[in-house]
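Notes to accompany the following structure.
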Protein chains: 2
Amino acid sequence: MSRNANSGAPAPEGGWLDGEQQRAWLAYIRVQLRLTYEMNRQLQSDDDLSLPDYDVLTALSVADGGLMPITVLAAQIGWERSRVSHHVRRMAKRELVSCSPSANDRRVTEVSLTQHGRKVLEAAALGHVELVRRLFFDGLPRELVGPLSQALESVYANIIAQGTLPPPVDWRPPRGE
Amino acid sequence: MSRNANSGAPAPEGGWLDGEQQRAWLAYIRVQLRLTYEMNRQLQSDDDLSLPDYDVLTALSVADGGLMPITVLAAQIGWERSRVSHHVRRMAKRELVSCSPSANDRRVTEVSLTQHGRKVLEAAALGHVELVRRLFFDGLPRELVGPLSQALESVYANIIAQGTLPPPVDWRPPRGE
DNA sequence: AAAGTATAGGTGACATGTCACGCAATGCCA
DNA sequence: TGGCATTGCGTGACATGTCACCTATACTTT
């Protein structure tokens, strides 16, 4: 087990991950693949929404005034801007969101939740949350919820720091170190 | 559906997740979205492989004889069979894998790693693992690796039990570990 | 053995995601 | 004020993923 302290050089350099890390990584990948698939499927068949649709609606629903520039939205949900651009156009065609140019800065397109979009989201949230609880939390022992959060939050902070996408607007690195 | 195993009834029934769960879920979603994006991007630009390509190659590389029926492959990596079918056809066009009918059961298509495919995978693995270490494990305190594995393995077992996709062929429900 | 059922896989239409690139509005500065 | 880089987005071409449905082969029953 833990033969090495933290961020020294615990891994076989230039090679693989060590045993413990490999176990964690395999578990992560497996969960990720199936969970994404299942969520997509449930939303699609129950609510006629894709998981990406749902991500967009959720982000907008918690935004101030249910309204957000495309760039900000992209940073919130970790997408490229062009992906957001394509996607909101399609969603606008389905009346889930609407896009309008900002008066302030005329380069900016503000994406907002429509009445219909909000209703669809509220309807979908129930089933989605139920699925998440059933697939994810029903399998997760109570005492591991905290450590899991801590672990993933650490990882997230690191991804923000090291990755190529900009952080969400409200992001601040967790407690000093 | 399964009854609530936690006698404390911590979750608002039919409603949202409780506070701790919400925290875990938000962390999970954030990590998932960005990490997937970054992995895809790195493989694409460094090795001319998509993340799905990599998943397929990896699964085949650990298979007995580097060879696997489509259905088995699909179960291993948590895809639908038709997705695998489409994808391996494209990969075959790029000489990364090859498909041939099984002599045993003539419904079966065996997918196998080509020499070229194996070389490409080996070349890509270095950079990919490096990225995983940098983005994921460099941000993860040593002492949380174990709990994280445990948590995700529990979740995975539950997803297998509750989900719609078949388990991998070598999967057995975890017994006290 | 004929008929019915289950299983492996493929296909076509369509939605989605990515990349490279383009345009227009803005900011900067000599 | 006239360049010139920067920023916010959109677009087109193409790769990818999903669903509904199809065929062929194997298995089971009668």
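Letters A, B, ... are given to chains in the order of the sequence lines, protein chains preceding strands, and every chain is numbered from 1.
Residue B:R83 places at least one side-chain N or O under 4.0 Å from the OP1 or OP2 atom of D:dG17. Close to C:dG9, at under 4.0 Å from its OP1 or OP2, lies a side-chain N or O of B:T71. Regarding contacts with the backbone of D:dG10, a side-chain N or O of A:T109 is found under 4.0 angstrom from either OP1 or OP2.
Counting to the nearest Å, the P atom of D:dC19 and the CG atom of A:D46 are 12 Å from each other. At whole-Å resolution of the value, CG in A:N40 and C1' in D:dT16 are 13 Å apart. Rounding to whole angstrom units, CZ of residue A:R89 and P of C:dT16 are separated by 11 Å. Distance A:Y37 OH to C:dT16 P: 16 Å, rounded to the nearest Å. Atom P of nucleotide C:dA15 and atom CG of A:L96 are separated by 14 Å, given to the nearest angstrom. Taking atom CG of residue B:D55 and atom P of nucleotide D:dT16, one finds them 13 Å apart after rounding to whole Å. At whole-Å resolution of the value, CZ in B:R41 and P in C:dC19 are 6 Å apart. For the pair B:I77 CD1 and D:dT16 P, the interatomic distance rounds to 13 Å; values are reported in whole Å.
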(Q) side-chain hydrogen bond (donor to acceptor under 3.5 Å, both in side chains) for B:S50 and B:D53? Distances and angles first, verdict last. (A) CA-CA 5 Å; B:S50 68; B:D53 291 338; 3.1 Å; yes
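Of the residues near DNA chain C, A:W79 and B:D105, the one whose nearest nucleotide (by heavy atom distance) lies more toward the 5' end is B:D105. Projected onto DNA chain C by closest heavy-atom contact, A:R106 and A:H87 fall at different nucleotides, the more 5' of which corresponds to A:H87. Heavy-atom distances to DNA chain D give each of B:P52 and A:R107 a nearest nucleotide, and the one nearer the 5′ end belongs to A:R107. Closest-nucleotide positions on DNA chain D for A:E110 and A:Q44 were compared, and the one nearer the 5' end corresponds to A:E110.
Between B:E38 and B:R41, no side-chain nitrogen of the basic residue sits less than 4.0 Å from a carboxylate oxygen of the acidic one, so the salt-bridge criterion is not met. In summary, B:E20 and A:R142 do not engage in a salt bridge, as defined by a charged side-chain N under 4.0 Å from a carboxylate O.
For A:S82 against D:dC9, no side-chain N or O and base N or O form a donor-acceptor pair under 3.5 Å. No N or O donor and acceptor, one from the side chain of A:H86 and one from the base of C:dT16, sit under 3.5 Å apart. Residue A:R90 places a side-chain atom within donor-acceptor reach of the base of C:dG17, judged by atom type and a 3.5 Å distance cut-off alone.
Computed from C1' positions of five pairs at each end, the angle between the two local axes of the helix from C:dA1-D:dT30 to C:dA30-D:dT1 equals 20°, rounded to 10 degrees.
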Per-pair distances, 0.1 Å, donor-acceptor, side chain in residues 76-86 of chain B, under 3.5 Å, sequence neighbours excluded:
| from | atom 1 | to | atom 2 | distance (Å) |
| --- | --- | --- | --- | --- |
| B:E80 | OE2 | A:Y37 | OH | 3.3 |
| B:H86 | ND1 | B:R89 | NH2 | 2.9 |

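No side-chain heavy atom of A:L60 sits under 4.5 Å from any side-chain heavy atom of A:L121. In this structure, B:Y28 and A:V132 have side chains that are not in contact, with every pair of non-hydrogen atoms separated by 4.5 Å or more. For the pair A:P69 and A:S102, the minimum side-chain heavy-atom distance is 4.5 Å or more.
B:L144 and B:Y156 fall within the same hydrophobic cluster, where Ile, Leu, Val, Met, Phe, Trp and Tyr residues are linked whenever their side-chain heavy atoms come under 4.5 Å apart, directly or through other members.
Side-chain proximity of B:E80 to the nucleotides D:dT18, C:dG10, D:dT25 is greatest for D:dT18. Closest to the B:P69 side chain, of the nucleotides C:dT26, D:dG10, C:dG9, is C:dG9.
A:R81 comes within 4.0 angstrom of a nucleotide base, judged by non-hydrogen atoms across all strands.
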